[in-house]
Structure formats: C-alpha cells, structure tokens
Amino acid sequence: MSPSFIENRALILKRLEEAHESLGPDALKRDITLVAVSKQQPDVRIDEALAAGQRVFGENRVQEAFTRWAARREAYPDLELRLIGPLQTNKAKDAVALFDVIETLDREKLAGALKKAMDETGRSPRLYVQVNTGDEAQKAGLGVDEVEAFVAKMRTEYGLTIEGLMCIPPVEEPASLHFALLAKLAKACGVEKLSMGMSGDYDVAAKLGATSVRVGSALFGERAKPE
Ligand SMILES: *Cc1c(COP(=O)(O)O)cnc(C)c1O
C-alpha cells in the first residue's frame, strides 16, 4: 500500500523543521505554510487531506478549483485556497470570488481586472507577484528587472498591496539560485512573503527563507496524467 496523506504530510513537516534546524540556532526562521497542491487529484484524496487537518490548498485552474472546492468551502469555513496557475483577465472575477490568495499576478492588465473585481465583489484576496527568475520564454511571470517597479506601481497606481513573490525555477537549473534571487528581490521591494519550493525542493526553499511551499505529488501521490 502506498503511504497515506497523513504519513506524507508528517514527513514533509518534519523535513521542513530539520531544514530550519540545519541553519543553526541564530538563523532567522520564518513560519512556513504547507500548501497542498490538489490539482488533478481525485475526491478521495482531497477528503483524506481534509480529514488529516490540512486546510491550505493550491490549484492552478480556476474552473477546476470551482468544481473541487465550491461545496467543500461551505463545509470548511477555515479553508484557504490559493491560485498558483496562470490567470486570464476574463477569469479575474471568478478567481477573486473563490480564492483567498492569488499568487500569479504578472501584468498590469491583470492588476486592473483584479482591482475591478475586488471593488465589485468586496473581496480582497492577498496578492503575490510571479517572477520568471529563469527568464524562460514559455514561462509566466515578470522579468527579474521589472519586479521592483511593478510592485511599486501596484501600490501607487492600483492601490494594491503585494504580500509576496512567487517563482517556479527552471527544471534544469539548481533551484537554490532561483530561491536566493527571489528572496533578494523581495527584500529590495519591501515584500514580506516568499512562495517557493515544490515536491522536489521544498527543503532547499525552507533554508532560503520560504514562507510557503507548494507541494503536490509528495503529499498526495502522483497526479492523474493531464489531458
Ligand atoms: C503543480 C504545481 C506544484 C506542485 O508540484 P509537485 O511537484 O507535484 O509538488 C507547485 N507549484 C505550481 C505552480 C504547480 O503548478
């Protein structure tokens, strides 16, 4: 039998703690939120996660997230849902209605749509700016050089507070370089939170200042094949 969600979760929480301990007694250690990435997972696994006490979940598609969470949201008022996938402007209102955190703000047009949706719905999800730390053509996110000005502009022109930065490092490079870069950028922008680290490298991210890690397969087991 494959390990259960409960066992996987306990192991990950332990490894996060060990990552912090390895930094020594004087290092700055920030609380880390374990975001369970539930995309493409079957209902039985979702319910197992909820039964285990997991309350923070990440999804990368708005419609799929609605299907999975609309009813469960009623049953679990302390749920926190995070959007970690690309957001189209025409889905901004749906995203604002469902999510507590949107981690993939990466352009002004989307900021405008989110601001409008927030004014209309009275909801204000916390916002992260996605940074394309590897400057990969096919990947979403702002270029490294653009982040500081963008974050400032969110404040001054859109009245939006940016809570954190998020990145997905290129698969073929050491993630640590990208995590360190994201931490440095956040400092330069005066931004508090860092969403970085996935199943393969959450411990590395923890050592470099992550305040949340987004873990899917190491928690739930492999996802069903997309498409
Ligand atoms: C799917 C996904 C994850 C989780 O990936 P795992 O390798 O299964 O942990 C994390 N972040 C983003 C943005 C994702 O799309």
Side-chain angles (χ1 to χ4, degrees), residues 2-5 7-16 19 32-42 45-46 48-49 52 54-69 80-88 91 95 98-107 110 125-136 138-142 163-176 178-179 181-183 186 193-206 208-227:
S2 59
S4 68
F5 184 93
E7 291 165 314
N8 292 337
R9 183 170 183 262
L11 181 70
I12 291 164
L13 292 174
K14 182 163 159 275
R15 288 205 178 134
L16 287 171
I32 302 182
T33 302
L34 175 58
V35 179
V37 179
S38 46
K39 63 185 184 194
Q40 296 161 32
Q41 295 291 352
R45 287 190 182 161
I46 304 298
E48 197 186 357
Q54 179 67 35
R55 289 294 180 271
V56 186
F57 293 88
E59 289 282 349
N60 68 344
R61 291 180 188 207
V62 178
Q63 193 49 53
E64 184 188 335
F66 257 102
T67 309
R68 183 165 296 122
W69 292 107
E80 178 177 302
L81 298 179
R82 296 184 172 219
L83 180 66
I84 60 170
L87 179 57
Q88 292 171 310
K91 299 249 175 70
L98 182 69
F99 289 98
D100 305 291
V101 181
I102 294 173
E103 297 200 2
T104 49
L105 174 54
D106 65 353
R107 56 199 192 278
L110 180 58
R126 285 132 58 202
L127 300 175
Y128 285 54
V129 165
Q130 183 175 355
V131 185
N132 186 359
T133 54
D135 282 322
E136 295 171 280
Q138 80 286 6
K139 203 167 269 176
L142 281 171
E163 180 177 284
L165 301 182
M166 177 271 219
C167 76
I168 311 170
V171 279
E172 69 282 2
E173 288 177 29
S176 56
H178 296 270
F179 296 158
L181 174 59
L182 198 71
K193 303 279 173 89
L194 290 170
S195 169
M196 57 192 200
M198 310 185 358
S199 287
D201 50 27
Y202 59 82
D203 52 335
V204 179
L208 291 165
T211 56
S212 60
V213 292
R214 310 178 307 267
V215 183
S217 44
L219 260 176
F220 288 101
E222 289 305 316
R223 286 181 284 277
K225 279 254 168 14
E227 271 86 42

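Bear in mind that the values here come from a model prediction, so they are computed numbers and not experimental data. In listed order, ligands and their atoms are each counted from 1.
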One should read off an interatomic distance between Leu83 CG and Asn60 CG, to the nearest 0.5 angstrom, of 8.0 Å

Would you say Glu64 and Thr67 are linked by a side-chain donor-acceptor pair, where the criterion is simply a distance under 3.5 Å? no

Those residues at least two apart in sequence (or on a different chain) that pass salt bridge (Lys or Arg N to Asp or Glu O under 4.0 Å) with Glu80 are Arg82, Arg126

In this structure, CG of Asp201 is separated from CG of Leu208 (nearest 0.5 Å) by 10.0 Å

Residues passing the ring pair (Phe, Tyr, Trp, His ring centres under 6.0 Å) test with Phe57, sequence neighbours excluded, are Trp69

Ligand-protein N/O pairs under 3.5 Å (ligand 1):
from: ligand 1; atom 1: 8 (O); to: Ser217; atom 2: N; distance (Å): 2.8
from: ligand 1; atom 1: 8 (O); to: Ser217; atom 2: OG; distance (Å): 2.9
from: ligand 1; atom 1: 8 (O); to: Arg223; atom 2: NH1; distance (Å): 2.7
from: ligand 1; atom 1: 8 (O); to: Arg223; atom 2: NH2; distance (Å): 3.3
from: ligand 1; atom 1: 9 (O); to: Ser199; atom 2: N; distance (Å): 3.0
from: ligand 1; atom 1: 9 (O); to: Ser199; atom 2: OG; distance (Å): 2.5
from: ligand 1; atom 1: 9 (O); to: Gly216; atom 2: N; distance (Å): 2.8
from: ligand 1; atom 1: 11 (N); to: Arg214; atom 2: NE; distance (Å): 2.9
from: ligand 1; atom 1: 15 (O); to: Lys39; atom 2: NZ; distance (Å): 2.7

For Phe99, the ring pair (Phe, Tyr, Trp, His ring centres under 6.0 Å) test, sequence neighbours excluded, returns none

